[in-house]
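Shown next, in structure tokens, is the structure this report addresses.
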Amino acid sequence: MNSPESVTDPRMTEPTEHSRAGSEPARSERSPRFGALAAEGPGDGATATVSASLTRRVVLEGLHAYYGDNHAVNGIDLSFEPGNVTAIIGPSGCGKSTMVRCVNRMHEEIPGARAEGRVLLDGFDLYAPEV
């Protein structure tokens, strides 16, 4: 089977061509959700690259997190800039995972847990009452 086969990915706006023989050059596709997706040729490993226009800035302002009466995260002010990698390091139990759960709004799923402060995504407060 040396002929290319057409595969439709629901995230893509048009079918992509894949060749078992590896004779086709790599090409980029547009995705309405993820921006530009670049596909590497066979053997190079598939890579997805998100367009810079879709990257988001996340800002934490006075973030506090509680488990009942336990004050686990105490007033974090932090900015995550688009296109940069941020590493959160620290000893076990210092609140790294709790902070990430607050950013993703997963902290509120834990019974008795609550968060205070602001988590902003491009200026929009993820903890605003209307969200």
Side-chain angles (χ1 to χ4, degrees):
M1 296 184 130
N2 290 333
S3 64
E5 63 185 67
S6 180
V7 179
T8 303
D9 185 332
R11 297 172 295 181
M12 300 291 191
T13 57
E14 62 185 55
T16 60
E17 297 290 328
H18 297 281
S19 172
R20 293 179 193 256
S23 61
E24 287 189 35
R27 56 180 229 190
S28 294
E29 298 291 338
R30 294 291 300 168
S31 168
R33 182 172 175 200
F34 298 110
L37 294 177
E40 300 285 331
D44 296 338
T47 305
T49 306
V50 177
S51 164
S53 66
L54 295 178
T55 58
R56 303 291 188 218
R57 182 171 191 239
V58 176
V59 177
L60 309 179
E61 295 179 348
L63 181 66
H64 294 265
Y66 299 87
Y67 295 98
D69 292 333
N70 181 22
H71 195 175
V73 172
N74 188 4
I76 295 176
D77 293 316
L78 185 61
S79 176
F80 299 96
E81 299 299 324
N84 291 325
V85 175
T86 303
I88 307 297
I89 60 173
S92 177
C94 74
K96 302 177 302 287
S97 295
T98 299
M99 182 204 63
V100 172
R101 275 195 298 275
C102 289
V103 170
N104 292 315
R105 290 202 60 179
M106 296 300 295
H107 186 65
E108 61 200 70
E109 295 295 316
I110 299 169
R114 71 184 192 285
E116 297 174 356
R118 295 180 5 139
V119 176
L120 304 171
L121 176 63
D122 285 344
F124 181 78
D125 187 359
L126 298 180
Y127 281 93
E130 65 271 10
V131 176

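Source: prediction; values computed, not measured.
Below 30°, between 30° and 60°, or above 60°: for H107 and Y67 the angle between ring planes is above 60°, a perpendicular geometry.
Both F80 and L63 are part of a single hydrophobic cluster, where members link through side-chain heavy atoms under 4.5 Å apart. Under the 4.5 Å side-chain heavy-atom criterion for ILVMFWY residues, a single connected hydrophobic cluster contains both F124 and L78. Linking Ile, Leu, Val, Met, Phe, Trp and Tyr whenever their side-chain heavy atoms come within less than 4.5 Å puts L60 and I88 in one cluster. A chain of hydrophobic side-chain contacts below 4.5 Å, direct or via other Ile, Leu, Val, Met, Phe, Trp or Tyr residues, connects V131 to V103. I76 and L121 fall within a single hydrophobic cluster, where Ile, Leu, Val, Met, Phe, Trp and Tyr are joined by side-chain heavy atoms under 4.5 Å apart, directly or via other members.
Although no hydrogens or angles enter the test, the distance criterion places no donor-acceptor pair under 3.5 Å between the side chain of D125 and the main chain of L120. Here the side chain of Y127 pairs a donor or acceptor atom with the backbone of C102 at under 3.5 angstrom.
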- Message: Using salt bridge (charged side-chain N to carboxylate O under 4.0 Å, His left out), reason through R114 and E108 one step at a time and then give a plain yes or no.
- Response: CA-CA 6 Å; R114 71 184 192 285; E108 61 200 70; over 6 Å; no

- Could you go step by step and tell me if N74 and H64 meet the side chain to side chain contact (heavy atoms under 4.5 Å, CB included) rule? CA-CA 5 Å; N74 188 4; H64 294 265; 3.1 Å; yes

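Shown here for G95 and V73, the closest heavy-atom pair between the two residues is O-CG2, 3.8 Å. Summarising the geometry of S79 relative to R57, their closest heavy-atom pair is OG-NH2, 3.2 Å, with the distance given to 0.1 Å. For the residue pair I89 and K96, the shortest heavy atom distance occurs at C-CD, 3.7 Å.
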